[in-house]
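Atoms within each ligand, like the ligands themselves, are counted from 1 in listed order.
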Amino acid sequence: MRQLGPTIGADQLERTLTYERIRYETPAEGVARITLARPEAANAQDYLMLSELNAAFDVAAADDTIRVIVLAADGKHFSSGHDLSAGEVDMDDFPTVGTQCHFDAAGTEGYMAREAEMYLGLCWRWRNLAKPTIAQVQGKVIAGGLMLVWPMDLIVASDDASFSDPVVAFNVNGVEYFAHPFEAGARLAKEMLFTGRSLNARELMERGMVNKVVPRSDLEAETLKLASHIAKRPSFGLTLAKQSVNQAVDATGMYSALQAAFSLHHVGHSNNMEVHGRRIDPSGIDVIRSEA
Ligand code: ZN
């Protein structure tokens, strides 16, 4: 169990952490870069990766010299989503940062608490970090992969990037951080979910769902250039600007909508458990693979 002391400084914090699933770097003045480092599994997310990611965001947030945070990924694909082979986890292995409890309870009680902590809770926490965040995205971003991209403030995509959430095939509504209507608009969000299809980089740009599309070979340099440009501005002004935009979106009821969708997500999981004895419909994977 790696508990982080509440008064520890960023330097100390960084020294106390060793990462297995990510890398933490400071590639330019004022810029921290966190990289998903599990390319052999297309950066599939297990709880260890999400927990390390959260710890690294905390390090960057606590470091007064950091003004912008980049979230990048090694390999061909940004992230294939949740690691479906991860199996049951022991929440005692991870420091929790939310207010959930009874993680080990049987049935929906424990499962919903775990997903509220590790998915909805962490994503919302990252969305509200006081510093600007930029997702640097290449290749496929599938389902849970979007839960790392949506909470970031800006998105720089390479020309081979594509976004999809095909998990309606698993007989649930979509991913746990259900920001799709806010990111894609209601009509496109429904099309994405009903069909499971991918949105390519051109479409993402046309729809205003990413800030910039660049050649794959330029992705890292272009993202760093943007981060360095932003990092020249004072930290508090950036925080105020970020919070002003976030609060405008919040005023439309985003958090309530996220919570409502999360509740329906667990109706889906519970129904699958009653019908199939599993949290997801086992026939879904064949549907998704046949259309990939
Ligand atoms: Zn779920």
Note on the Zn ion (ligand 1): protein N/O/S atoms within less than 2.8 Å are Glu115 OE1, Glu115 OE2, Glu176 OE2, His265 NE2, His269 NE2
Between Ser263 and Gln259 (side chain of the first, backbone of the second, donor and acceptor by atom type, cut-off under 3.5 Å), is there such a pair? yes
Original post:
Between Arg279 and Tyr111, is NZ or CZ placed under 6.0 angstrom from the six-membered ring centre and within 45° of the ring axis?
Top reply: yes
Between the CG atom in Asp58 and the CG atom in Asp63, the distance rounded to the nearest 0.5 Å is 12.0 Å
Notebook entry, point to check: Can any side-chain N or O of Thr252 pair as donor or acceptor with the backbone N or O of Val249 at less than 3.5 Å?
Noted result: yes
Checklist entry - Any side-chain donor-acceptor pair under 3.5 Å between Asn200 and Ser162? => result no
task = Look at the rings of His265 and His269 and say which category their plane angle falls in: under 30° parallel, 30 to 60° tilted, over 60° perpendicular.
result = perpendicular
